[in-house]
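First listed ligand is number 1; within each ligand, the first listed atom is number 1.
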Amino acid sequence: MVIAFDIGGSKIAAARVGADLAAVEIGRLPTPIHDYGAFCAAIGKLAGPGDEPIGISIAGVVDPRDGRLTVANIPCADGRPLAADLEARLKRRVRVLNDAKAFALAEAAVGLGKGHAAVFAAIIGTGIGGAFVLNGRLVMGSTGSAGEWGHGPAAANRTGVSLPIVRCGCGRPGCVDTIGGARGLERLHKHLSGLEADSPAILAAWQAGEPAAVRTLDAYLDVVSGALANAVNILDPDIVPIGGGLARNPALIAAIDAEVRARALGMRGSALCVPTETGPEKGLVGAALHVMETAQP
Ligand SMILES: [Zn+2]
């Protein structure tokens with residue numbers, strides 16, 4: 001049994017997860033984002049007494065070398081070695097994992113990746129994320145960034161349109177993330193058409209055949225599918241489950257899938273990029289799986 005947590009900038013959800021990988025929720029609390037002591041205390045309160053190990057999925061990056069977090073929307077935990085701090089405080093084993101990695105582990109075990117050896121799970125939401133699971137084990141890489149397909153240069157090779165070049169959250173100019181996420185789609189639409197609209201409105205206009213939105217989506221699909229095809233060529237996954245806000249539009253993911261399969265080297269007869277749900281359940285199961293896999297030699 002693992003006590004699993006899914007932690008975002010607004011709430012902390014906790015569940016018990018056993019060997020059957022069913023998450024039984026045990027409580028939720030608002031996330032204390034400015035007081036690290038209160039943040040750790042909230043986790044301890046939800047975990048309760050006992051010695052079950054704790055697994056945490058969090059919307060931040062964990063440096064595998066020193067366990068320190070980079071987490072923009074929970075400032076009090078930014079730069080902290082959260083697992084070590086909680087272990088000292090709660091006297092039990094704690095593992096902390098980036099939420100995209102938790103999503104990938106859960107997809108591979110109980111989601112669309114079940115039964116597949118190579119699962120590359122992608123997030124297309126506010127930003128772009130991803131992680132690779134091979135034979136049920138998360139591939140961490142040397143610095144924990146394996147699978148982060150959103151932080152290479154964006155290119156529009158098929159359409160040849162000029163792209164807006166802005167600095168990404170990672171500090172580099174012109175990343176795929178600055179075009180491929182929901183804010184990126186809005187930025188691209190403004191750049192190409194001069195029109196301001198939110199991503200749901202742009203997608204609705206695209207599906208209605210409105211010319212400016214059709215042009216924007218053509219460039220968007222060029223950039224995102226090109227980057228995703230690069231990742232597919234490197235990893236050669238059996239399936240690419242895609243979660244995040246934009247994955248709630250099945251027509252968009254179907255269009256991405258068609259272009260990725262056309263651009264990837266390996267031939268595939270059935271859908272590779274398939275939309276799925278993210279959400280707390282996946283974070284909880286993935287966090288628990290991470291504790292279970294790191295308990296093995
Ligand atoms: Zn970047």
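With a 6.0 Å radius and a threshold of 12 heavy atoms from other residues, nucleotides or ligands, Arg268 has its CZ atom above the threshold. Heavy-atom neighbours of Asp51 CG from other residues, nucleotides or ligands within 6.0 Å: at or below the threshold of 12.
For His191 and Ser162, the side-chain atoms include at least one donor-acceptor pair closer than 3.5 Å.
Contact of the Leu185 side chain with the Leu217 side chain is registered, since non-hydrogen atoms from C-beta on lie closer than 4.5 Å. Contact annotation: the side chain of Leu29 never approaches that of Lys11 to less than 4.5 Å [non-hydrogen atoms, C-beta and beyond]. You'll find the side chain of Leu46 reaches within 4.5 Å of the side chain of Ile12, heavy atoms only.
Around the Zn ion (ligand 1), the protein contributes the following N, O or S atoms under 2.8 Å, ordered by chain and number: His151 ND1, Cys168 SG, Cys170 SG, Cys175 SG.
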